[in-house]
2 protein chains.
Amino acid sequence: MTAPRPVTINDVAARAGVAPSTVSRALSEPGRGNPATRERIRAIARELNYVPNSQAQALSSGRTGTIALLVSDVTNPFYFGIIRGTQQMSKAAGLAEVLIDTEDSPDLEGDMLRKMRRSLDGAILASSRLSERALIRLAGEIPLVTINRNVRGLPSVVIDSPDGIAQAVEHLVSLGHRDIVYVSGPETSWSNQARWHAMRKAAAKHGLEFRRVGPFARGRSSGTAAADAVLNSGATACVVFNDLLAIGLLTRLAERGVAVPGRLSVVGCDDIFGADFCHPPLTTLSGPAEQAGRAAVSLLLGRLGDPRAPAARRAVLLPTHLTVRESTGPA
Amino acid sequence: MTAPRPVTINDVAARAGVAPSTVSRALSEPGRGNPATRERIRAIARELNYVPNSQAQALSSGRTGTIALLVSDVTNPFYFGIIRGTQQMSKAAGLAEVLIDTEDSPDLEGDMLRKMRRSLDGAILASSRLSERALIRLAGEIPLVTINRNVRGLPSVVIDSPDGIAQAVEHLVSLGHRDIVYVSGPETSWSNQARWHAMRKAAAKHGLEFRRVGPFARGRSSGTAAADAVLNSGATACVVFNDLLAIGLLTRLAERGVAVPGRLSVVGCDDIFGADFCHPPLTTLSGPAEQAGRAAVSLLLGRLGDPRAPAARRAVLLPTHLTVRESTGPA
DNA sequence: GGGGACACGACAATCGTTTGCCATCAATTG
DNA sequence: CAATTGATGGCAAACGATTGTCGTGTCCCC
């Protein structure tokens with residue numbers, strides 16, 4: 001059982017008694033050609049089980065039919081929804097999607113992007129670690145869309161967590177908390193900056209003291225240090241940069257026998273997988289991650305359809321809301 | 001700022017004063033050519049920031065440098081480790097990897113595979129839903145490696161959960177449990193069959209009654225029904241098909257006020273993200289998922305290197321062990 | 001009935017590589 | 001010193017599609 005030579009456009013053409021070019025057009029140019037011929041060709045193509053060689057298509061047409069989604073860590077559940085969303089949408093658009101793990105490294109991110117730029121129609125950067133300059137330069141080489149990162153001139157989708165933060169503060173204040181601390185993520189994180197900023201604003205509005213502890217790394221393991229820092233701060237409630245960190249923090253609090261929410265209320269961000277079944281279930285900011293993924297692909301498609309378009313900045317802002325569970329309670 | 005024509009192999013050749021073929025060889029055939037020339041060409045390529053067009057390479061050489069990893073659901077944390085492992089290994093081997101979500105559908109899985117077979121060097125099927133026949137047929141069209149699925153003639157990596165199941169039963173028996181029920185996943189799942197089989201064997205060894213409830217769907221939401229069924233069965237301990245289901249079950253038990261492990265001990269399988277911080281932390285079977293991913297890519301590479309090789313069946317069996325947490329206790 | 005327009009489909013160039021084959025030249029050997 | 005060998009690098013033919021250009025046939029309208 002030797003591998004049979006795969007059927008090419010020429011085989012189809014020969015079988016149909018037409019030129020390859022006719023087959024090509026019958027298959028991909030809806031407006032062109034005789035409907036009868038087209039149907040005949042399509043039938044033959046189907047019968048022969050013809051699948052166009054995408055490499056050849058790409059080489060010839062310049063379009064690869066592939067986009068990339070870059071995430072800093074594939075195993076961070078935060079990306080679940082986004083991945084799902086982009087996959088849905090790109091499948092619907094007939095695009096292939098490669099998932100690239102940048103391992104939190106700006107250099108790796110840039111290298112991968114540069115290396116693959118020829119084999120991609122575009123890329124979506126979920127939480128890019130690249131500098132603004134680097135991003136703008138890369139955008140000149142390959143169409144880019146960012147998620148949760150705002151850069152002049154680049155289409156972007158941002159899940160408006162600042163808005164949610166305000167809701168969280170509102171919630172905590174209504175429960176009687178007057179001393180709320182923000183548990184900061186990495187300084188370089190765009191989302192972290194945005195959230196911290198929103199915290200300050202919300203706190204100011206209520207005339208509260210605002211402080212922060214950190215910065216801490218993104219992972220769950222940083223939760224230990226974070227928990228201790230929060231406890232030292234004497235605050236009665238905290239808003240944590242993201243759920244991963246918040247869950248780590250919860251674990252440590254349990255270890256130290258600190259009652260949540262009795263002694264300390266905890267609010268997370270992102271509503272990741274696990275936020276609903278950790279102990280206690282986490283009050284957190286939920287956002288439409290899948291929708292964000294879909295929107296990002298749409299934006300990219302827009303940019304692709306008309307390559308000479310002025311790359312008009314288009315930004316999609318998605319709302320978040322507070323999901324109250326059991327990690328928050330009266331002061 | 002118009003997009004500059006990307007630099008091709010011809011540009012490099014012209015600059016170096018040699019033929020394109022020489023450049024090609026200097027760049028990719030280590031044994032061939034004058035070392036001095038090679039270095040000169042490499043230097044020029046680097047200087048010009050030359051990146052080979054992978055489409056053209058693929059078209060010409062027949063190798064695409066891309067493999068696919070098919071999973072039934074990208075957002076199932078079970079695949080975390082596997083994804084990480086395959087990505088690591090394929091990056092190391094200079095391969096691109098596409099992640100494909102088959103949405104639990106055999107048809108979709110087959111279609112995707114057929115459709116992409118021309119643009120892939122091979123594929124790794126993590127928990128394939130395809131029939132044995134379909135798998136064997138597809139393997140004739142594109143090199144395949146399976147994970148957690150044993151099919152005659154296909155290289156495979158399996159995480160030996162049956163072995164872990166034996167450990168789990170041992171653990172429960174030593175805690176005094178005499179009535180253990182298996183909470184079954186989908187009938188069509190290969191892993192489920194393997195686990196159920198192992199359960200029966202282990203139970204027989206200890207002269208225990210063995211029963212099962214189910215089958216239940218894979219998701220967390222099925223946990224509700226599963227919990228009720230287990231309670232009805234009167235068993236004092238249960239081994240659950242996977243952690244997702246087990247976590248769902250735990251949630252329901254908490255709702256019903258059933259003490260775990262006081263009234264019921266629960267053992268899961270897979271040790272997914274979340275198993276350590278759910279409530280109570282889950283005793284479960286841990287396996288080297290990352291390693292499985294790496295092994296799968298290795299197997300695939302082996303199959304790729306020598307396409308005319310007799311496709312010798314090679315199987316990698318990876319051990320599991322029981323990770324005891326707090327969801328199991330004395331009967 | 002003749003001319004023009006238009007639709008159809010063929011031809012052939014092109015995309016950027018790889019790779020089999022061959023000419024050339026230097027080095028080694030008898 | 002001649003002949004064999006081996007290394008080197010150039011030529012050109014693929015790989016399988018897309019797409020601009022152009023001849024041919026059909027139809028319509030005046």
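Not measured: the values here are computed from a predicted model. Residue numbers begin at 1 in each chain, while the letters A, B, ... track the order of the sequences.
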A:Glu103 side chain to A:Ser72 side chain, donor-acceptor N/O pair below 3.5 angstrom: no

A:Tyr79 side chain to A:Ser127 side chain, donor-acceptor N/O pair below 3.5 angstrom: yes

Touch class at under 4.0 angstrom, heavy-atom based, for B:Ser54 against every strand present: nothing

Nucleotides 20-28 of chain C: which of its N/O atoms have a protein N/O under 3.5 Å away?
{"from": "C:dG20", "atom 1": "O6", "to": "B:Arg25", "atom 2": "NH2", "distance (Å)": "3.0"}

A:Ile41 CD1 - C:dC8 P separation (whole Å): 12 Å

Strand contacts (DNA chain C) in residues 56-64 of chain B, 4.0 angstrom heavy-atom criterion: B:Ala56, B:Gln57, B:Ser60, B:Ser61, B:Arg63

5' priority, DNA chain C, between A:Thr22 and B:Asn10 [closest heavy atom]: A:Thr22

Presence of B:Thr37 side-chain N/O under 4.0 Å of D:dG9 phosphate oxygens OP1/OP2: yes

Student check: side-chain heavy atoms of B:Leu144 and B:Leu125 closer than 4.5 Å: yes

Non-neighbouring partners of A:Arg114 that pass salt bridge (Lys or Arg N to Asp or Glu O under 4.0 Å), sequence neighbours left out: A:Asp111

Any donor-acceptor N or O pair under 3.5 Å, side chains A:Asp107, A:Ser105: no

Rounded distance (Å) that lies between atom P of C:dC15 and atom CZ of A:Arg118: 12 Å

Integer-rounded Å distance: D:dT8 C1' and B:Glu39 CD: 16 Å

Residue pairs, two or more places apart or on separate chains, that pass salt bridge (charged side-chain N to carboxylate O under 4.0 Å, His left out) and touch residues 52-68 of chain B: none

Nearest-angstrom distance from the residue atom CD of A:Gln55 to P of C:dT17: 14 Å

By ring pair (Phe, Tyr, Trp, His ring centres under 6.0 Å) - contacts of B:Phe80 (at least two apart): A:Phe80

Residue pairs involving residues 18-49 of chain B (criterion ring-ring contact (aromatic ring centres under 6.0 Å, His included); sequence neighbours excluded): none

Approximate separation, where rounding is to 0.5 Å, of A:Thr37 OG1 and A:Arg42 CZ: 12.0 Å

A:Asn53 or B:Val23, whichever maps to the more 5' nucleotide of DNA chain D: B:Val23

